Amino acid sequence: MTQYARLYGGSLYDLAAEENLTDAIGEQMKEIRNLFRENPDYVKLLCEPSVPKTERTKLIEEAFGGQAERYLVNFMKLLCERNLLGEFAGCCEEFTRRYHADHGIAEAVVTSAVALSDAQLTALKAKLEKISGKTVELVQKLDASVVAGLRVELEGKQLDGTVQARMSGISRKLNEVIV
């Protein structure tokens, strides 16, 4: 994340917090970020220097003006005017980071070889909430190299319950005993 993303995303969060709009703006930012991912040519058009800034901001107004919070629309126009629209994803990350910090939410990334069932995700979430003392949002990733078990990253700590990690631990202990 760049310095610009921290500054602009944090400033938008501060404004949204003052106006009690953090939930609405946060959700809309996620939706717009997904739209930008699905339509990279639209983002390129909004960043194209040969298109006048007034035209680019007009496109943002037409696309989002009637649906998104006014502060968010103006924020995107500001990024466009300053040729920083490419920082929108980083601004979203900073906004989300600040939101999570203020609301006691921790994001946990769970990596497994196969998708976990709803019951497994619920049990894992409850366990992680007990460990962290925070509300946990789970993000599930699939990785075929994880033969069995789970790898969880929570608040910068990695909890590795995979077979590979266990075998690695056993190997290390055997090497210590042998040497």
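Just so it is clear, the values below take in all heavy atoms, side chains as well, and ignore hydrogens, waters and symmetry mates. Since the structure is predicted, the reported quantities are computational estimates derived from the model, not experimental observations.
- Among all heavy-atom pairs drawn from G86 and C47, the shortest one is N-SG, 4.2 Å.
- Looking at every heavy atom in both residues, M29 comes nearest to L72 through CG-CD1, 3.7 Å.
- Looking at heavy atoms from C-beta onward, F95 lies out of side-chain contact with D14 at the 4.5 angstrom threshold.
- Using a distance-only test at 3.5 Å, with no hydrogens or angles considered, a donor-acceptor pair links the side chain of Q120 to the main chain of S117.
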Fill in: Check against side chain to side chain contact (heavy atoms under 4.5 Å, CB included), T111 and Q140
CA-CA 6 Å; T111 306; Q140 187 174 11; over 6 Å; no

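- When only modelled atom types and interatomic distance are considered, R82 and Y8 share a side-chain donor-acceptor pair under 3.5 Å.
- A salt bridge is absent between K134 and E129; no separation between the charged side-chain nitrogens and carboxylate oxygens falls under 4.0 Å.
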Practice prompt. Tell me, with the steps shown, if N83 and K53 meet side chain to side chain contact (heavy atoms under 4.5 Å, CB included).
Written response: CA-CA 9 Å; N83 297 318; K53 289 180 184 178; 4.2 Å; yes

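- Rounding to the nearest 0.5 Å gives a distance of 5.0 Å between CG of L116 and CG of L121.
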Discussion item. The test is side chain to side chain contact (heavy atoms under 4.5 Å, CB included); show your working for L154 and K157 and say whether it passes.
Written reply: CA-CA 5 Å; L154 175 67; K157 297 176 190 170; 5.6 Å; no

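- In the displayed structure, N34 atom CG is contacted under 6.0 Å by more than 12 heavy atoms of other residues, nucleotides or ligands.
- Smallest separation of non-hydrogen atoms from E94 and G10: CG-N, 3.6 Å.
- Interatomic distance, OG1 of T57 versus CD of E62, reported as 10.0 Å (0.5 Å rounding).
- The distance from atom CD of E81 to atom CD1 of I60, rounded to the nearest 0.5 Å, is 8.5 Å.
- Between E27 and K30 there is a salt bridge, since at least one side-chain N of the basic residue sits less than 4.0 Å from a carboxylate O of the acidic one.
- Counting heavy atoms from C-beta outward, D102 and T22 have side chains that stay 4.5 Å or more apart.
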Item to complete: Start with the C-alpha distance between E87 and T2, add both sets of side-chain angles, then the distance that settles side-chain hydrogen bond (donor to acceptor under 3.5 Å, both in side chains), and finish with yes or no.
Response: CA-CA 8 Å; E87 300 289 337; T2 67; 2.5 Å; yes

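- V152 and V109 end up in different hydrophobic clusters when Ile, Leu, Val, Met, Phe, Trp and Tyr side chains are linked at under 4.5 Å.
- Considering CG of N74 and CG of L79, their distance stands at 11.0 Å, rounded to 0.5 Å.
- Considering every non-hydrogen atom in both E137 and I105, the closest pair reads CG-CG2, 3.9 Å.
- The minimum heavy-atom distance linking F75 with C91 is given by the pair CZ-SG, 3.8 Å.
- Between Y99 and Y13, the ring planes are perpendicular. Angles over 60° get that label, and only those under 30° would be called parallel.
- The main-chain N or O of V51 is found under 3.5 Å from a side-chain atom of R56 such that the two form a donor-acceptor pair.
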Worksheet item: Under the side chain to side chain contact (heavy atoms under 4.5 Å, CB included) criterion, do L84 and L78 qualify, and how do the steps go?
Response: CA-CA 8 Å; L84 293 171; L78 179 69; over 6 Å; no

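- The two residues M76 and F36 come nearest to each other via the heavy atoms SD-CZ, 4.3 Å.
- At a threshold of 4.5 Å between side-chain heavy atoms, the hydrophobic network of Ile, Leu, Val, Met, Phe, Trp and Tyr places L124 and L142 in two separate groups.
- Of the inter-residue distances, the one linking C92 atom SG with I32 atom CD1 reads 8.0 Å to the nearest 0.5 angstrom.
- Comment: E93 does not engage R6 in a salt bridge, judged by the lack of any side-chain N to carboxylate O separation of less than 4.0 angstrom.
- To the nearest 0.5 Å, atoms CD (E69) and CG (L21) are separated by 5.0 Å.
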